[in-house]
Amino acid sequence: MAYNHYVLVCSGTACESNKGIEIFEKLNSEAERLGVSGEVQIIKTGCFGFCERGPIVKVLPEDSFYVDVTPEDAPEIIAEHILKGREVSRLLYKEEGHQKAANVIEDIGFYRKQMRVALRNCGFINPENIDEYIARDGYHGLEKVLFEWTPEKIIEEVRISGMRGRGGAGFPTWLKWDLTRKAKGETKYVICNADEGDPGAFMDRSLIEGDPHSVIEGMITIGKAIGSHIGYVYIRAEYPLAIDRLKIALAQAQEYGLLGKDILGSGFDFDIEIRLGAGAFVCGEETALIKSVEGNRGMPVPKPPFPANKGLWGMPTVINNVETLVNIPVITTKGGQYLADIGTEHSKGTKVFAITGKIVNSGLVEVPMGITLRELVFEIGGGIRGGKKFKGVQTGGPSGGILTEESLDLHIDFETLTENGSMMGSGGLIVMDEDDCVVDVSRFYMEFCAEESCGKCSPCRIGTTQTLKILEKICDGKGEEADLQNLEDIGHAMVKASLCMLGATAPNPVISTLHKFNDEYREHIIEKKCRAGKCKNLLSFVVDPVKCIGCSICAKKCPANCIIAEPASKYPNKKKPPYIIDQAACVKCGECVAACKFAAILKA
């Protein structure tokens with residue numbers, strides 16, 4: 001059935017948590033009330049990526065891009081746009097400083113330099129409708145894989161594409177498959193790693209929520225390439241929406257003959273099961289993940305042997321993350337050369353990033369490899385909030401390092417990031433401004449790693465704990481200059497001796513900031529000062545007696561009752577005497593600063 005209009009409602013986790021479902025239901029009820037339900041199809045989609053301005057509603061064929069939509073806006077969208085053909089101008093996205101709305105989505109700065117390959121279906125289709133996936137070339141590549149291509153041909157096309165694993169290590173995808181194909185084993189397995197644990201990362205979750213069939217098609221393709229007939233999706237239980245949509249997609253694929261016995265009459269069998277993880281960060285490491293799938297405690301084991309030779313239940317196993325898998329149908333449909341023509345010499349294709357932190361346009365973006373950090377942060381991301389000064393960007397989550405202003409013109413690829421003290425990781429990217437303290441940031445990441453360490457090996461178990469204690473000591477104003485060398489020594493020992501990459505990469509944020517922000521560490525240690533005002537024990541609040549009008553609001557808000565009025569005799573020319581803070585009793589909560597309307601309380 002053809003409709004006059006199609007209304008796409010973002011239904012990713014972020015928008016759903018912000019009344020996205022209510023918007024969808026209200027649009028449908030209004031269309032029915034006004035008698036236009038036969039003229040408009042209202043569709044729940046995956047994430048549009050522009051999370052900062054969600055919930056988002058897009059209307060076709062006009063390509064109208066509505067942002068910050070609320071359920072109360074739904075009647076106006078139906079009455080004005082659908083019924084009368086007039087866009088609701090107040091909801092249209094306008095670039096900052098521009099009066100006119102963008103004509104098409106590609107004119108929006110957030111999308112202008114993006115290239116959506118992995119995200120090609122997110123925001124375009126209903127992820128719970130297999131027909132919409134098929135209409136956008138879904139499972140077309142699988143047909144070639146099943147009936148035309150040999151396993152060698154599949155792997156060759158992936159080799160031509162230059163595809164490298166998007167889970168963080170960047171290992172050549174074709175080589176991992178080829179090693180597993182050639183390995184001896186009665187049974188072989190395919191595992192989708194959807195155990196996304198980096199703070200601030202939501203790439204894999206959003207891909208499954210918006211395009212679950214691409215994951216399924218990618219896994220079946222691997223199965224045909226390596227001779228496997230069973231796959232597992234290992235996904236953390238904290239992703240209920242992604243899990244629900246994956247279950248729906250699996251049932252639909254089974255119903256359409258795309259899973260199970262004799263797929264499409266090809267004689268090839270393949271089934272997929274879901275395994276829920278309990279949210280252990282270490283289970284992102286492939287051997288720990290395998291142990292968890294087997295029903296054991298998720299702890300890494302020494303390598304070699306590698307999973308390609310001895311993986312799940314001791315059999316050859318391919319493990320790829322979600323983003324890697326959703327690229328596979330593109331390769332089988334368009335050929336490996338399509339991806340090979342995108343990116344840099346050694347880093348082909350695109351990369352999905354979750355941009356968060358002190359940035360104007362937070363969200364999910366996909367860019368060609370080789371784009372600069374400056375383009376990503378200041379053009380796509382819109383720059384730093386509130387006009388603050390850019391301080392750095394953390395790539396690769398707790399395993400990565402911080403890149404400074406000097407690195408803004410670096411081209412993003414696997415090698416360049418590693419050479420400059422960071423890493424690609426799975427794609428988390430956290431932007432920091434002048435109000436962030438790098439010592440405190442390092443402490444936060446080390447606290448995370450210490451909590452997530454499985455404790456199996458001493459370098460990680462002891463190293464993360466001791467590093468955290470030193471960082472806490474520095475943040476508390478008790479640091480010594482010798483601590484800086486101790487941090488370096490412990491970090492390098494962890495890199496060399498840890499059993500898995502959790503321990504080997506945990507020191508990265510510390511070591512990178514020690515080199516690039518050494519002056520801030522020394523300020524904390526020698527001057528007992530935190531320039532960003534984040535380390536409470538190095539912070540004090542003082543009242544400016546000139547600005548203070550003696551209104552007493554700060555004293556009323558103070559939970560420690562440590563703000564008292566000065567003697568009136570000291571200030572005979574003021575109507576009311578100013579207040580003073582008892583530094584010994586102050587808990588440094590900052591409530592007084594927030595309460596003062598006259599900016600009379602200063603951080604010192």
Side-chain angles (χ1 to χ4, degrees), residues 130 133 138-158 165 173-195 208 212-235 243 246-276 286-287 289-295 305-322 324-329 331-333:
I130 190 172
Y133 176 72
Y139 293 113
H140 288 203
L142 182 62
E143 187 176 4
K144 286 193 286 186
V145 164
L146 293 175
F147 295 102
E148 300 174 23
W149 290 5
T150 63
E152 292 81 3
K153 170 65 173 174
I154 299 169
I155 293 173
E156 175 61 13
E157 287 297 324
V158 177
T173 303
W174 76 272
L175 183 55
K176 180 182 285 189
W177 294 12
D178 197 46
L179 291 170
T180 312
R181 181 181 70 85
K182 293 174 180 176
K184 293 180 180 180
E186 295 177 7
T187 305
K188 296 181 180 181
Y189 297 100
V190 178
I191 298 179
C192 167
N193 180 358
D195 188 62
I208 293 178
H213 284 284
S214 280
V215 176
I216 296 170
E217 185 173 358
M219 293 181 71
I220 301 170
T221 301
I222 299 174
K224 179 65 186 298
I226 70 170
S228 169
H229 301 287
I230 180 70
Y232 295 93
V233 178
Y234 184 80
I235 183 170
I243 294 167
L246 184 59
K247 286 179 178 178
I248 291 169
L250 288 170
Q252 290 174 343
Q254 190 89 32
E255 182 184 349
Y256 275 52
L258 293 160
L259 270 180
K261 298 289 185 181
D262 191 23
I263 296 174
L264 298 179
S266 66
F268 179 69
D269 305 337
F270 195 82
D271 278 304
I272 296 175
E273 297 180 17
I274 296 174
R275 290 287 186 270
L276 301 183
E286 56 185 10
T287 62
L289 184 154
I290 286 171
K291 290 297 180 185
S292 185
V293 173
E294 291 173 343
F306 292 93
N309 290 302
K310 189 177 179 181
L312 189 62
W313 290 296
M315 293 296 164
T317 305
V318 162
I319 303 176
N320 283 136
N321 87 319
V322 173
T324 306
L325 289 167
V326 299
N327 274 280
I328 302 307
I331 295 171
T332 56
T333 301

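All heavy atoms count here, side chains included; hydrogens, waters and symmetry mates do not.
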Between Tyr133 and Glu217, do the side chains contain an N or O donor and an N or O acceptor separated by less than 3.5 Å?
yes
What I'd like to find out is whether the side chain of Tyr234 reaches to under 4.5 Å of the side chain of Ile319, using heavy atoms alone.
no
Heavy-atom donor-acceptor pair, Glu157 side chain to Thr332 backbone, under 3.5 Å:
no
Between Val293 and Trp313, the two heavy atoms sitting closest are O-CZ2, 4.4 Å
Identify the heavy atoms of Leu146 and Lys224 that sit nearest to each other, and give their distance.
O-NZ, 3.6 Å
Atom pairs and distances, donor-acceptor, side-chain atoms in residues 260-270, under 3.5 Å, two or more places apart:
from	atom 1	to	atom 2	distance (Å)
Asp262	OD1	Ser266	N	3.3
Asp262	OD1	Gly267	N	2.6
Ser266	OG	Ile263	O	2.7
Ser266	OG	Phe268	N	3.2
Asp269	OD1	Asp262	N	2.6

Which atoms form the tightest heavy-atom contact between Ile220 and Leu258, and what is the distance?
CD1-O, 3.2 Å
Take a 6.0 Å sphere around CD of Gln254 and say whether it holds more than 12 heavy atoms from other residues, nucleotides or ligands.
yes
Would you be so kind as to tabulate the donor-acceptor pairs closer than 3.5 Å made by side chains of residues 183-192, with sequence neighbours excluded?
from	atom 1	to	atom 2	distance (Å)
Lys188	NZ	Thr180	O	2.9
Lys188	NZ	Arg181	O	2.6
Lys188	NZ	Ala183	O	2.9

Does Glu273 use its side chain to pair, donor to acceptor, with the backbone of Tyr232 at less than 3.5 Å?
no
How many angstroms lie between atom CD1 of Ile154 and atom CG of Asp178, to the nearest 0.5 angstrom?
12.0 Å
What one should report as the nearest heavy-atom pair of Ala194 and Ile208 is CB-CD1, 3.8 Å
For the pair Thr333 (side chain) and Pro329 (backbone), establish whether a donor and an acceptor sit closer than 3.5 Å, ignoring hydrogens and angles.
yes
In terms of heavy-atom contacts, Ile130 and Gln252 come closest through N-OE1, 3.2 Å
